[in-house]
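Have a look at the structure below, then the notes.
These values consider heavy atoms only, across backbone and side chains, with no hydrogens, waters or symmetry-generated copies. This one's a predicted model, so the numbers in the text were calculated from it and none came from an experiment. In the text below, chain A, chain B and the rest are named by the order of the sequence lines, each starting its count at 1.
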Amino acid sequence: MLTQQKLGISYDLFTHTDTENHHRIAQDFFMLLLDRGYLYKEAQKLLYSETEKRFLPDRYVEGECYICHYPEARGDQCDNCGNLLDATLLINPRSKANPTDRLVTRETEHYFLDLAQFTPALLEYLESHASHWRPNVTAFSRNFINEGLRGRPITRDIDWGIPVPLEGWEEKRLYVWFEAVMGYFTASVEWARNIGQPDAWKQWWYNPDAQIYNFIGKDNIPFHTVIWQAELMGVNGIYNDGDDTPLQLPYDVPANEFMNIEGKQFSKSRNWAIWLPDILERYQADAIRYYVAATLPESRDSDFSWEGFFTRVNNELVAAWGNLANRMLTFAYKRFDGKVPSYDALGEKEEAIIAKSEAAFDSVGNLLEEVSLLEALKTSFDLVREANAYLSEREPWKTIKDNPNDAARSVYAILRVIDNLKILLAPFLPFSAQKVHEYLGYEGQLFGDLNIVLYQESTRSHQGLVYDGSKAVGRWQKSNLQAGQALREPSPLFIKLDMSIVDLERSFLGAVRDEHEIVVGQ
RNA sequence: GCCGAUGUAGCUCAGCUGGCUAGAGCGUUCGACUCAUAAUCGAGAGGUCCUGUGUUCGAGUCACAGCAUCGGCACCA
């Protein structure tokens, strides 16, 4: 949470799934689905470890492949012949953790979510959203459904997690994926209660105008486009006192592809990773945010490289936007008596560039809504470049000598464009937006505060990251910058990076980490 | 193996329902400027649009086949 706070990622409420609230609602979901006939019971055979006294998931099992007789086949798939396997058919199955352990096949009973019942409704849901979804998400989900939905077990023989609320099922728990996605719902209920308006969550879930977006990685697509929808359809009307407004389904599930590091996949265990708490000690949050946003894997996998970080931060963020803001704020502060210049009238060029920056509120706003974040960022940066080009043409540093009014007009126009850009870029660069806001002489904070709050329930407590917007003055609105407004003394928005960071950061990749030096974020 | 996505300048990526003399940013070359963190501005060079076959007056865009990368394939969260 500390890391998210430092990065400026805001949530109305970022909470846990191990709360009483979440447990209670997840159990209510389960019972309602059961009552309505969307769950069924079935016995299945699984491998059981007599020493560990528990059933082992396939991934913890190895044995001889019953197809090609490769001796090291995994429980779910054989790496030699590539076939998907049934773990209970493995020859001489053994536990990975404990190879001498004897595994036996035992029968166990579980509840299954009967996804097949939802097939027509799910397909209809998909088709009605396909036009604004990313192609991969739609195609993948459609295919997942058309392959035929099977019942999915939603309970497990484990001793941690949410208890199954039925007599005789005390030894079993709800399957994590069945209940984890409910966090979207349960968190909103918790939030409503926390702010003292227990029904406020309905403005998301029972409001046909609300649009729910779930941001995920591509590996989680079916959970967020099929299973969660089925669960929601199944509990339609829950907690709504007989009102027949339908429970809202996600409007968009903009799954991202994967971001690699220096050409290879992230791996925590091999420390092929970037530790946010670490790099937040060394770099500005906005620099990190800029690079990640600019290389976001929106439609294909992308790569986080330190050389890329270095060049994009220096040549784009610092050189284009940071420099534009700094050069004009400094110029105005030094040459116009520390004030936003006064001018008699704006010329055509000034009107044009201001109008263009104002029009961007619509275009960038729309791009953000459709989650075209790369394009949204690019659109704002195009404007930055245009502002720089305008300055080269108008040259206020020259005109100020013999035509101060002309210079004033130019500087005013660009300050106003900068004021607009501050807001247009704020979703990406909130911290530097705040700086620009202050240098321009405004009061107050653009964004509210992110607080880490301790919540007490009857038997336990948990922390939440909570956004308090009461002090926020930032709005998605055009600038109304007043001539004569007193500026504050500016300084550069961003720190220019030294080339040495590239080799330095690369040297940390894959190296042994000294755990004592880790700044733990959460 | 099956399914899906992706494959376009050195790098990162746009190109929706076929009309492109294939675009942008960065890098690179040349020139200009000096208000600014040696930042900025202008001009130029740079591409058998993964491969092959086909449909079409016309294909980066459609179809089929293949190759490569990534993900999913249901008890891993």
Side-chain angles (χ1 to χ4, degrees), chain A residues 44 46-47 55-61 74-77 81-84 86-88 108 110 112-113 115 131 134-144 146-158 175-177 180 217-223 226-227 255 257-258 260 265 291 294-303 305 307-308 311-312 314-316 318-320 322-335 372 374-375 377-378 381-382 384-385 387-400 407 410-411 414 490-497:
Chain A
Q44 54 179 177
L46 291 177
L47 289 170
F55 289 93
L56 292 181
D58 289 353
R59 68 162 5 194
Y60 297 132
V61 177
R74 291 182 287 137
D76 51 351
Q77 187 172 20
C81 65
N83 285 296
L84 298 177
D86 177 344
T88 59
T108 177
H110 283 294
F112 287 65
L113 176 62
L115 286 171
S131 63
R134 293 184 180 169
N136 185 28
V137 178
T138 312
F140 185 88
S141 308
R142 192 183 281 143
N143 178 250
F144 187 88
N146 285 333
E147 273 179 4
L149 293 171
R150 284 173 266 159
R152 195 178 179 92
I154 56 160
T155 54
R156 290 287 185 283
D157 289 292
I158 47 178
Y175 172 46
V176 171
W177 261 114
K218 63 178 164 185
D219 52 336
N220 280 337
I221 291 173
F223 289 103
V226 176
I227 296 168
E257 308 292 306
F258 287 165
N260 295 319
Q265 280 192 20
Y291 181 61
T295 42
L296 207 64
E298 252 175 25
S299 59
R300 72 182 80 167
D301 289 359
S302 70
D303 191 38
S305 77
E307 196 181 340
T311 58
R312 296 198 79 148
N314 280 0
N315 298 332
E316 297 174 22
V318 177
N323 184 241
L324 172 69
N326 188 235
R327 68 194 296 206
M328 272 306 101
L329 287 164
T330 304
F331 190 72
Y333 188 79
K334 285 187 190 158
R335 308 299 290 275
S372 291
L374 292 172
E375 193 60 23
L377 186 59
K378 181 181 179 295
F381 265 72
D382 285 346
V384 168
R385 288 182 194 98
N388 275 325
Y390 165 90
L391 285 174
S392 286
E393 195 188 328
R394 305 288 297 143
E395 300 183 306
W397 48 90
K398 273 188 184 165
T399 56
I400 194 167
S410 300
V411 173
I414 291 306
S491 64
L493 298 183
F494 306 107
I495 297 164
K496 190 163 178 168
L497 301 172

[atom1] gap between [N] and [M], integer Å:
{"N": "B:G15", "M": "B:U56", "atom1": "P", "result": "29 Å"}
{"N": "B:C26", "M": "B:G46", "atom1": "C1'", "result": "14 Å"}
{"N": "B:A77", "M": "B:A39", "atom1": "C1'", "result": "47 Å"}
{"N": "B:A38", "M": "B:A22", "atom1": "P", "result": "39 Å"}
{"N": "B:A5", "M": "B:A65", "atom1": "P", "result": "13 Å"}
{"N": "B:A9", "M": "B:G60", "atom1": "C1'", "result": "14 Å"}

For the side chain of [X], counting heavy atoms from C-beta on, which of [options] is nearest?
{"X": "A:Thr295", "options": "B:U12, B:C33, B:A39", "result": "B:U12"}
{"X": "A:Arg327", "options": "B:U40, B:U37, B:C70", "result": "B:U40"}
{"X": "A:Trp397", "options": "B:A74, B:A77, B:C35", "result": "B:C35"}
{"X": "A:Tyr175", "options": "B:A77, B:A14, B:A39", "result": "B:A77"}
{"X": "A:Asn388", "options": "B:C70, B:U40, B:A74", "result": "B:U40"}
{"X": "A:Phe258", "options": "B:A74, B:C70, B:U40", "result": "B:C70"}

Any base atoms under 4.0 Å from [X], or only sugar-phosphate, or nothing? Heavy atoms, all strands.
{"X": "A:Phe381", "value": "nothing"}
{"X": "A:Ser305", "value": "nothing"}
{"X": "A:Leu324", "value": "nothing"}
{"X": "A:Pro492", "value": "base"}
{"X": "A:Tyr291", "value": "nothing"}
{"X": "A:Leu391", "value": "nothing"}
{"X": "A:Val318", "value": "base"}

Protein-nucleotides 2-5 of chain B N/O pairs under 3.5 Å:
residue	atom	partner	partner atom	Å
B:C3	O2'	A:Asn143	OD1	2.2
B:C3	O2'	A:Asn143	ND2	2.5
B:G4	O2'	A:Asn136	OD1	3.4
B:A5	O4'	A:Asn136	OD1	3.1

Check A:Asn326, A:Leu391, A:Ile400, A:Ile414 against A:Phe331 for a side-chain contact (heavy atoms from CB on, under 4.5 Å) and give me the one that passes.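 In the set A:Asn326, A:Leu391, A:Ile400, A:Ile414, the residue that makes a side-chain contact (heavy atoms from CB on, under 4.5 Å) with A:Phe331 is A:Ile400.
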Watson-Crick or G-U wobble partner of [N], both distances under 3.5 Å:
{"N": "B:G4", "result": "B:C70"}
{"N": "B:U17", "result": "none"}
{"N": "B:G52", "result": "B:C64"}
{"N": "B:G42", "result": "B:C30"}

From CA spacing to verdict: side chain to side chain contact (heavy atoms under 4.5 Å, CB included), A:Leu115, A:Ile227: CA-CA 7 Å; A:Leu115 286 171; A:Ile227 296 168; 4.2 Å; yes
To the nearest Å, how far apart are A:Ile221 CD1 and B:G71 P?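 Distance, rounded to whole Å: 12 Å.
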Nearest-Å distance, CZ (A:Phe331) to P (B:U37)?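 Roughly 13 Å, once rounded to whole Å.
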Is the phosphate of B:A38, meaning OP1 or OP2, less than 4.0 Å from a side-chain N or O of A:Lys496?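 Answer no for this pair, as no side-chain N or O of A:Lys496 is under 4.0 Å from OP1 or OP2.
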Within the structure, does a side-chain N or O atom of A:Gln265 lie under 4.0 Å from either OP1 or OP2 of B:G71?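 Result: yes.
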With sequence neighbours excluded, residues passing salt bridge (charged side-chain N to carboxylate O under 4.0 Å, His left out) with A:Glu395: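 For A:Glu395 the salt bridge (charged side-chain N to carboxylate O under 4.0 Å, His left out) partners, ignoring immediate neighbours, are A:Lys398.
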In plain terms, say whether A:Glu257 and A:Lys218 are close enough for a salt bridge, that is, a side-chain N and a carboxylate O under 4.0 Å apart.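 Counted as a salt bridge, because a side-chain N and a carboxylate O are separated by less than 4.0 Å.
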Please examine the side chains of A:Lys378 and A:Leu374, heavy atoms only from C-beta on, and report whether any two atoms are closer than 4.5 Å.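 Counting from C-beta outward, A:Leu374 and A:Lys378 never come under 4.5 Å.
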In the structure I gave you, are the side-chain heavy atoms of A:Ile154 and A:Trp177 within less than 4.5 Å of one another anywhere?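 The answer is no, as the side chains (C-beta and beyond) never meet within the 4.5 Å cut-off.
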Strictly under 3.5 Å: I want the nitrogen or oxygen pairs between protein and nucleotides 24-26 of chain B, one per line.
residue	atom	partner	partner atom	Å
B:G25	O3'	A:Arg385	NE	3.4
B:G25	O2'	A:Arg385	NH2	3.4

